[in-house]
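Computed from a prediction, not measured in an experiment: that's the story for all the values here. We name chains A, B, ... by the order of the sequence lines, and we start the count at 1 in each one. Only heavy atoms go into these numbers, but all of them, side chains included; no hydrogens, no water, no symmetry mates.
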2 protein chains.
Amino acid sequence: MTNIVSGNSLAEVAALIGDPARANILQALADGRALTAGELAWHAGVSAQTTSGHLAKLTEAGFIALAKQGRHHYFRLASPEIATAMEALMIVAANGPRRYRPTGPKDQAMRTARTCYDHLAGWLAVTLADRLSARQFIVLSDGAAAVTEEGHRFFRDFGLELDEPKNTRPLCRTCLDWSERRSHLAGQLGAGLCQRCLDLGWIKRGRDSRAVTFTPLGIEGFRDTFGITLP
Amino acid sequence: MTNIVSGNSLAEVAALIGDPARANILQALADGRALTAGELAWHAGVSAQTTSGHLAKLTEAGFIALAKQGRHHYFRLASPEIATAMEALMIVAANGPRRYRPTGPKDQAMRTARTCYDHLAGWLAVTLADRLSARQFIVLSDGAAAVTEEGHRFFRDFGLELDEPKNTRPLCRTCLDWSERRSHLAGQLGAGLCQRCLDLGWIKRGRDSRAVTFTPLGIEGFRDTFGITLP
DNA sequence: CGAATGCTTCGGCCGCGGCCGAAGTGTTCG
DNA sequence: CGAACACTTCGGCCGCGGCCGAAGCATTCG
């Protein structure tokens, strides 16, 4: 007799992500947007039939959700937990030894700035966390972060209202960045900052990728408001 | 041309966990202890030769580390990130729909109390977090936690010295529990609490499992110190 | 020294699962 | 309507990779 407890379900879930085509599909959906089966087939790099099979598996497992709209089938990640698990795996992958990883231009853009479900990631996000920390707007510690009094004022000026939980200091999660290997901001603050930057027209989401691009307005804004000079 | 960026490495890492035998091996190592190849073969439920192959793959990928000691080969997880990724996958597995999951007695013990790398998990850990929160020793919010002034005094009385980071409130990470689907304490505080309970002889680590058992002293201690009555 | 133990390497079997071509549903056009 | 399009289902091919038996190294005994 073996000591299997729920090892099977761990393996099942991991195996589902462990296929290249499915991993590409999930990564394409990682920013939370919904894509059609056809678009996902392109991302996956396999035929439409094969993709359909993968999508059925992912849907049945509860990884993705389907919304039918006319003759298009839109798929999106079913929960943020999926994205979290993928990021956790990316961190392991990034820490791994001499893994062959060719670096293309798209990869470079991803490393500079990308979305991670509902918040920002990459160089921009890590630098942002640094600056906010240096100016005492947030306090980073042991995998979590707190917003200070001055921070609340600053974010309010920036156009962000943060819910004040109960009687105490509000917190925002940190999220380890796979490309930078340091923390960036997630949680309510991370999501709010990302949304606000989009609303202000500072950044734009890429069409086929999670990478985001900067508008001239954004370059100016990040410099003046956060003291960040883009590379 | 497809849009593959590092999708391959995500798939590679996930596929490595995605085999039942390897998943069992990794779960057996999840509490941070080092086990021999033979013990791992038993946990994996496959022959020694097959296990050897799996261990070689996991080692090469940087998932586990090998320490040779006489004719025994001791393997342990190479980094906490691996454990984190596994927990993230377990959460996804637990949230999934009608996944067939037979529940044995060992499984029940695991759900009650187990170790998760360096801290406690399961019913005990979740209840502990609840009690500490109710008594205002810690403040939980949005995936993170802060220790209050009173909390510091309480933990010091309990025999735990927490490093005070810089000039501000220290934080301890929370970690989503796959069996309870709620937060328990990780980070410095979580690790410290677990170690202190072990030192006090309140709990003991199981021989073949991550489940922990309670001593009579522990049953008394958890009741008197934390107000927790064991089921 | 030879036998026993712990682990790894080698070789070959075999089945699961990913893949595509072809055909089948449902939707939107002109 | 019928044609074009988006997607799924079916059937069959095929190769990767997990598995074990047997043999090969190390280490520790008596």
For A:D31, enumerate each residue passing the salt bridge (Lys or Arg N to Asp or Glu O under 4.0 Å) test, keeping only those at least two apart in sequence or located in another chain.
-> A:R33
Spacing between [X] atom [atom1] and [N] atom [atom2], to the nearest angstrom:
X: B:Y74; N: C:dT8; atom1: OH; atom2: P; result: 13 Å
X: A:I25; N: D:dC7; atom1: CD1; atom2: P; result: 12 Å
X: A:L55; N: C:dG18; atom1: CG; atom2: C1'; result: 14 Å
X: A:I64; N: D:dC7; atom1: CD1; atom2: C1'; result: 14 Å
X: A:Q49; N: C:dG24; atom1: CD; atom2: C1'; result: 13 Å
X: B:H54; N: C:dT9; atom1: NE2; atom2: P; result: 14 Å

Please tell me if [X] has a side-chain N or O lying less than 4.0 Å from either OP1 or OP2 of [N].
X: B:T50; N: D:dC19; answer: no
X: B:K57; N: D:dG18; answer: yes
X: B:S47; N: D:dC19; answer: no

What residues 65-73 of chain A contributes to the DNA chain C interface at heavy-atom separation below 4.0 Å is A:G70, A:R71
How is B:T36 classified with respect to the nucleic acid when contacts are heavy atoms under 4.0 Å: base, sugar-phosphate, or nothing?
->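 Sugar-phosphate contact only.
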Hey, does B:A48 reach any base, or is it just sugar-phosphate, or nothing, if we go heavy atoms under 4.0 Å?
-> base
Minimum-distance nucleotide to A:F75 side chain [options: C:dT9, C:dC19, D:dT8] =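 That would be D:dT8.
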For the side chain of A:D19, starting at C-beta, report the closest nucleotide among D:dC7, C:dT8, C:dC19.
-> C:dC19
Do we see a donor-acceptor contact under 3.5 Å between the side chains of B:E39 and B:T36?
->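 A donor-acceptor contact under 3.5 Å links the two side chains.
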Partners meeting side-chain contact (heavy atoms from CB on, under 4.5 Å) with A:A28 (sequence neighbours left out) =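 For A:A28 the side-chain contact (heavy atoms from CB on, under 4.5 Å) partners, ignoring immediate neighbours, are A:L35, A:L40, A:H43.
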Contact list for residues 69-80 of chain A, test side chain to side chain donor-acceptor pair (under 3.5 Å), sequence neighbours left out | A:S79-A:E81
Take B:R22 and A:T51, find for each the nucleotide of DNA chain D with the closest heavy atom, and name the residue whose nucleotide sits nearer the 5' end.
-> A:T51
Heavy-atom nearest pair, B:M86 first then B:A30, reads CE-CB, 4.1 Å
Listed pairs under 3.5 Å, donor-acceptor, residues 192-202 of chain B side chains, sequence neighbours left out:
residue, atom, partner, partner atom, Å
B:Q195, NE2, B:D199, OD1, 3.0
B:R196, NE, B:F158, O, 2.8

Side-chain donor/acceptor of A:S52 to backbone N/O of A:A48, under 3.5 Å |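 Looks like no, no N/O pair under 3.5 Å.
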Aromatic ring pairing A:H184/A:H119, orientation class (parallel under 30°, perpendicular over 60°, tilted between) | tilted
Compute the angle between the rotation axes at the two ends of the helix from C:dC1-D:dG30 to C:dG30-D:dC1, each taken over five pairs, rounded to 10 degrees.
->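 Computed from the C1' atoms at both ends, the axes differ by 10°.
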Do A:I64 and A:I82 come close enough that some side-chain heavy atom pair is under 4.5 Å?
-> no
